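Residue numbers begin at 1 in each chain, while the letters A, B, ... track the order of the sequences. Model, not experiment: these values are computed from the prediction.
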Number of protein chains: 2
Amino acid sequence: MARDLTIQQVAEATGLSVHAVRYYEKVGLLALIQRSANGHRRYSPEDVVWLEFLMRLRATGMSIQQVHAFAKLVREQPTNVKERRLLLEAHRDRVKQNLEKLAHNLQVIELKIEHYQHLEATGKSDLHCIFWQNYLEQMSDHKLH
Amino acid sequence: MARDLTIQQVAEATGLSVHAVRYYEKVGLLALIQRSANGHRRYSPEDVVWLEFLMRLRATGMSIQQVHAFAKLVREQPTNVKERRLLLEAHRDRVKQNLEKLAHNLQVIELKIEHYQHLEATGKSDLHCIFWQNYLEQMSDHKLH
DNA sequence: TATTGACTTAGAGTGAACTCTAAGTTGTAG
DNA sequence: CTACAACTTAGAGTTCACTCTAAGTCAATA
C-alpha cells in the first residue's frame, strides 16, 4: 500500500508548511484525516487532491472562511451539488473580474515602464509627468471603458 | 484655485479610507503633502495621480515595503530613472507570472463547476471524484505545461 | 457663546493567515 | 540503552495592512 502520505510528504507535495496543513485541518478545511497506529496523520491521495483544490481557491483570493463554507457543504451536504456549484460560480465571477482589473493595472505599469524608457532614451531625468500624463489620458480615453 | 483636495476628497476619489491615506504618508509612500494655513493637508492633482499609481502597485500584489522602496527612489534619485524602471520591470514580471497562475487556477475551478453541472444533469450526488479525476488528468496532460 | 464637523497627532487595536513554541510520545538506528 | 527524528497537542506569537481611538485645534453656523 504505502500510498498514504505523512504530513511532511503532503507539505512537500503541496508546498505548504507542515504547520499550515495542520492549521487547515483545525479550521475545518480538511476533515477526518486517517491516523496510523501511533496517532500520526496519514493522507490519502484523495486528501491531497482535495487540498490542492483548496489551495487553488486560496490562490484565487478566497478567504479561509469561504473555503471553510465550501468544505462544509462538501462534507455535510453530499447530495446538494447545486449549492456548491453556486458558491464556486460566484467565486469564479469574482476571479474573472479580478483578472480584468489585474490585466488593466499591468497595462498601466507597462506604460510607466515605457515612460521611463522614453526618459532614458532622451536623457531627461523627469518631466514631472507631462509625458506620463498624456499617456494616462490616452489610456482613460480609449483603452479603458 | 480650489484644485487642491482635502484628505476626505482624496479618500473619496481613490476609494481609500482617510486613515489609509494618512497611513501611506506615515510609512513613506507619499511625501511632502502641502498644508493649508491651519495645518490641514492639501493634495495636488499630482499627489492624487501618484497615489493612484501606488494603488495599482498595491493591487497587483506589491507590498507596502516594496512600494516604499519605489517611492524612495522617485523622491531621492530623481536622475536615476534606470533603477526605477528595473524595479517596475521586476514587478511586471511577477504580475505576469501571477496572472498566468490565476488563469490556470480559474480553468480548474471552471472544470469543477462543469463537473458539478454534470452531476446535476445525471442526477448523481457524487462519484467521489472519478469524473473529476479524469478531468484533472486531462488538464495536467495537455492543458498545462 | 455653544455646538458641530473636519481636521490634527500619537499610538493602540484588529483580523487574517499563518508560524512557532513547549512539552510530550513513538519508532528506529547505533 | 540511548539518541534522534518525526510526529502529536494546545496555545502563544508574528506579520501585514490597515483601522480606530483619544485628545486636541480650528472655522463656521445656530
| task | For side chain to side chain contact (heavy atoms under 4.5 Å, CB included), just list the numbers for R41(B) and R35(B), CA-CA rounded to whole Å, side-chain angles, deciding distance to a tenth of an Å, and then say yes or no. | result | CA-CA 5 Å; R41(B) 291 173 179 80; R35(B) 299 297 178 121; 3.4 Å; yes
| message | Let me confirm one number: the CD-CG distance from Q9(B) to D4(B), rounded to the nearest 0.5 Å. | response | 9.5 Å
| Atom pair CZ (R22(B)) and CG (L30(B)), whose distance is rounded to the nearest 0.5 Å | 12.5 Å
| Toward the 5' end of DNA chain C, by each residue's nearest nucleotide, H40(A) or Q9(B) | Q9(B)
| NZ/NE/NH1/NH2 to OD/OE distance under 4.0 Å, E89(B) and K82(B) | no
| Between E120(A) and R85(B), is the closest basic N to carboxylate O distance under 4.0 Å? | yes
| message | If you compare every side-chain N and O of S63(B) against the phosphate oxygens of dC16(D) (OP1, OP2), does one of them come in below 4.0 Å? | response | no
| remark: Footprint ends on DNA chain C, 5' to 3', for atoms under 4.0 angstrom from a heavy atom of chain B, come out as dA6(C) to dG11(C)
Rounded to whole angstrom units, what separation is found between the [atom1] atom of [X] and the [atom2] atom of [N]?
X	N	atom1	atom2	answer
I64(B)	dC16(D)	CD1	P	11 Å
I7(B)	dC18(D)	CD1	C1'	14 Å
R42(B)	dA27(D)	CZ	P	11 Å

| said: Could you see if W50(A) belongs to whatever hydrophobic cluster contains V48(A)? Use Ile, Leu, Val, Met, Phe, Trp, Tyr and a side-chain cutoff under 4.5 Å. | reply: yes
| Within one Ile-Leu-Val-Met-Phe-Trp-Tyr cluster: V27(A) and L51(A), side-chain cutoff 4.5 Å | yes
| request: Just compare dC7(D), dC18(D), dC16(D) and give me whichever is closest to any side-chain atom of Q65(B). | output: dC16(D)
| said: Please verify the inter-ring angle class for F70(A) with Y116(B); under 30° counts as parallel, over 60° as perpendicular, anything in between as tilted. | reply: tilted
| query | How about E46(B) and S44(B): does a side-chain donor come under 3.5 Å of a side-chain acceptor? | reply | yes
| Exercise: do T6(A) and Q8(A) side chains pair donor with acceptor under 3.5 Å | no
| Are K112(A) and F53(B) in a cation-pi setup, meaning NZ or CZ lies under 6.0 angstrom from the ring centre and within 45 degrees of the ring axis? | yes
| query | Residues from residues 31-39 of chain A sitting under 4.0 Å of DNA chain D, heavy atoms only? | reply | R35(A), G39(A)
| field | Contact residues, residues 13-29 of chain B to DNA chain C [heavy atom, < 4.0 Å] | value | R22(B), K26(B)
